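Have a look at the structure below before the remarks.
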Amino acid sequence: MDITNRFIAEKLNLMGQLLEIRGENVFKIRAFYRAADVIDRMGSPVEGLDETALSSISGIGKAIAAKIREIVETGTFEELEEVRSGIPEPLIELLSLEGVGPKTVSTLWKKLNIQSIDDLEREARNHRIRALKGFGEKKEEGFLKAIAIHREQSTGRMTRAEADRVVGRVTPALHPGTFAVAGSYRRGKSSVGDIDIVLSESASSVNPDLRRVADEIIDVGEKKTSLKVLGRRVDVRFSRPGQFGSMLLYLTGSKSFNIKLREIAIGKGYKLNEYGIEDRSRGGLREFAIEEELFSFLGMDYIVPELREDWGEVERAVAHTLPELVTGREIRGDLHVHSSWTDGKLSLPELAQAGDEKGYEYLLCSDHSATLGISHGLDEKSLKRQAHEVELVNRASSCQIIHGIEVDIMADGSLGLESRALAELDLVIASVHSGFTQDRDVMTRRLISAIENENVDIIGHPTGRIMGRRQPVAIDMDRVIDRARETGTALECNASPHRLDLDDLHIREACLKGVRIAIGTDAHDPSEFGNIGYGLLICRRGWAGPGDVLNTLHRNELLEWAS
């Protein structure tokens, strides 16, 4: 197999961590960490280098060079396995918890004999961690949050981007027009479990092609074939063309939605199942090739997949009062992108070109403020220079760059730039990037303080969550939404598949109270501009209409709203 630089770096870093857990020589520990960092940052692969060439690289000595060659040849090295054998394997898993490093693991092991995540959870819930010097109640609470995140990751749910990759691997094996992806994927949820696909072709005609794209075949049948693709489970359900709509509807809706729909059918004397609708008095099965026909048969308006959660949409469909949802056709621009002035990869002219290619009217260039710790974060002077370049770029581009900033909300609620600098900008996003462990009331007042700042137009990724890595901050979202309504401040739906923050429920609450939503990709790389679709899905799940989303405004309307 190919041994990548990242793989080598991970092995060297693990060695440093294990030595630190054991309390070994600090210089030896640092040597492994330094070598891991050097290898990970190298632009060219080191797999083919011999020991002499490796040891000539600054930060890599002869001893570690020999170990790198061992990794290339065997996938590991002898000393690592020796050290590892002396440490309980479940103890090493503690390193996978957010905020838990080798020193912490060492203390927990030696002071409380904690040897696993289960041990840590038990001791934290029994409030024994806080008795250790240097730990305390907040540290204890942090462990429980980290464990919850770890368990969430272990459920096997995918981000939207991961699910897209799985779907993209499977669907080329299927004929266009014969299938649809169902389940939580089709409903647009922010995370996805197994992939469900409904197919109108026969199993015998498709199974050979599925074998070619599968990592593993779990089960093969005439009604369902299950396989592993990119390590994820995919269930393909085979349907007759005449029953395709019934099965797609059945496999798309949430459990509660399906129950509610069956109750509607029962009230009309029918029995609804995945094959169609049975007449309970006269018998016989009515089949539906498309979903629209089934909804119509039940006297309901068609409910789009994103709404099928039993959040009131069934009643609205019966009453013919379903909301008008925002669509991609109405999106005129992206309200959160970064340029090479800070940590983005595209220059301002390249950003404008990317916007042109997307057919956008505008992009909000919202680079980081200097307070965030970004090496090239913008201060008042650099913002003035950037404003001049924005003006020049806009003269030559149909997609206009809106000049903004993503300013840091400090721990006390103040902003990372002076008011006079913010006042010169077209739009200001204010975001929390640190201090995520503040208690609920402090964090809520911190966001509200930013909302009340007259220069702030949008609160970026309000809950700070990063799916699978960091849980949402403790915050009273009702208070935040209420104050945003009073000040006319928008809340962001950050469209990064790792964030999708705000989530659908909070978006719905915000829209009901008249708070505008700004969809921003937070793009640092050109490949991330396409993430706007993820944000659109979440907004639709939150029942957002065109008037609820800032991105539907023309540029002049947007600037007038912000003024």
Side-chain angles (χ1 to χ4, degrees), residues 1-110 115 146 150 153 230-231 338 340 342-345 368 372-377 433-434 466 468-470 498 524-525 527-528:
M1 67 173 180
D2 292 334
I3 302 293
T4 64
N5 286 7
R6 174 60 57 86
F7 181 85
I8 294 169
E10 287 174 351
K11 292 292 182 182
L12 297 174
N13 188 68
L14 177 60
M15 181 63 172
Q17 291 176 314
L18 298 185
L19 291 174
E20 198 168 353
I21 290 173
R22 285 176 35 153
E24 298 282 348
N25 181 284
V26 66
F27 297 105
K28 185 175 183 179
I29 294 168
R30 289 175 182 169
F32 277 102
Y33 284 152
R34 183 171 60 251
D37 186 59
V38 168
I39 295 296
D40 195 33
R41 291 174 179 273
M42 289 188 65
S44 56
V46 301
E47 181 183 14
L49 300 182
D50 60 21
E51 288 186 35
T52 302
L54 287 166
S55 59
S56 68
I57 299 171
S58 177
I60 298 176
K62 290 183 179 180
I64 291 183
K67 292 173 178 27
I68 292 173
R69 288 308 310 164
E70 274 192 75
I71 296 171
V72 171
E73 293 164 9
T74 68
T76 186
F77 58 98
E78 186 177 354
E79 187 180 2
L80 173 61
E81 296 308 313
E82 287 177 359
V83 172
R84 189 168 194 155
S85 66
I87 298 175
E89 193 64 31
L91 179 71
I92 298 173
E93 192 181 4
L94 289 174
L95 293 170
S96 65
L97 299 177
E98 180 186 352
V100 177
K103 288 183 180 179
T104 297
V105 172
S106 180
T107 301
L108 293 170
W109 185 25
K110 294 172 182 176
Q115 297 188 29
H150 178 79
Q153 287 178 296
L230 299 178
H338 294 273
S340 56
T342 56
D343 58 343
K345 290 188 177 179
H368 292 291
L372 182 57
I374 299 294
S375 57
H376 299 293
H433 291 105
S434 61
I466 299 179
R469 287 172 49 199
R470 186 170 68 218
H498 304 290
H524 290 68
D525 182 276
S527 64
E528 295 169 344

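Since the model is a prediction, treat every value here as computed from it, not as a measurement.
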Does CD belonging to Glu82 count more than 12 external heavy atoms closer than 6.0 Å? yes

What pair of heavy atoms forms the shortest contact from [X] to [Y], and how long is it?
| X | Y | result |
| --- | --- | --- |
| Glu24 | Arg22 | OE2-NH2, 2.9 Å |
| Ala65 | Ser55 | CB-N, 3.9 Å |
| Ala36 | Asn13 | CB-N, 3.7 Å |
| His368 | Asp343 | CD2-OD1, 3.2 Å |
| Pro88 | Trp109 | CD-CZ2, 3.5 Å |
| Val38 | Gly59 | CG2-CA, 4.4 Å |

Report the C-alpha separation of Ile60 and Ile39 in whole Å, then their side-chain angles, then the decisive distance to 0.1 Å, and conclude whether the side-chain contact (heavy atoms from CB on, under 4.5 Å) test is met. CA-CA 9 Å; Ile60 298 176; Ile39 295 296; 3.4 Å; yes

Whether the side chain of Asp525 engages the backbone of Lys345 through a donor-acceptor N/O pair (distance < 3.5 Å, no angle test) should be reported. no

Do Lys28 and Glu79 sit within salt-bridge range, that is, some charged N less than 4.0 Å from a carboxylate O? yes

Salt-bridge test for Glu89 and Arg84: reply yes if a basic N is under 4.0 Å from a carboxylate O, no otherwise. yes

Would you call [X] and [Y] a side-chain contact if the rule is heavy atoms closer than 4.5 Å?
| X | Y | value |
| --- | --- | --- |
| Thr104 | Thr107 | no |
| Leu95 | Ile21 | yes |
| Ile71 | Leu12 | yes |
| Arg6 | Asp40 | yes |

Would Arg69 and Phe77 count as a side-chain contact (heavy atoms from CB on, under 4.5 Å) here? Give the steps. CA-CA 9 Å; Arg69 288 308 310 164; Phe77 58 98; over 6 Å; no

Hits for ring pair (Phe, Tyr, Trp, His ring centres under 6.0 Å) against His498, two or more places apart or cross-chain, chain-then-number order -> none

Chi angles and distances behind the side-chain contact (heavy atoms from CB on, under 4.5 Å) call for Lys103, Glu20: CA-CA 6 Å; Lys103 288 183 180 179; Glu20 198 168 353; 3.1 Å; yes

Would you check, one step at a time, whether the test side-chain contact (heavy atoms from CB on, under 4.5 Å) holds for Leu49 with Ile68? CA-CA 10 Å; Leu49 300 182; Ile68 292 173; over 6 Å; no

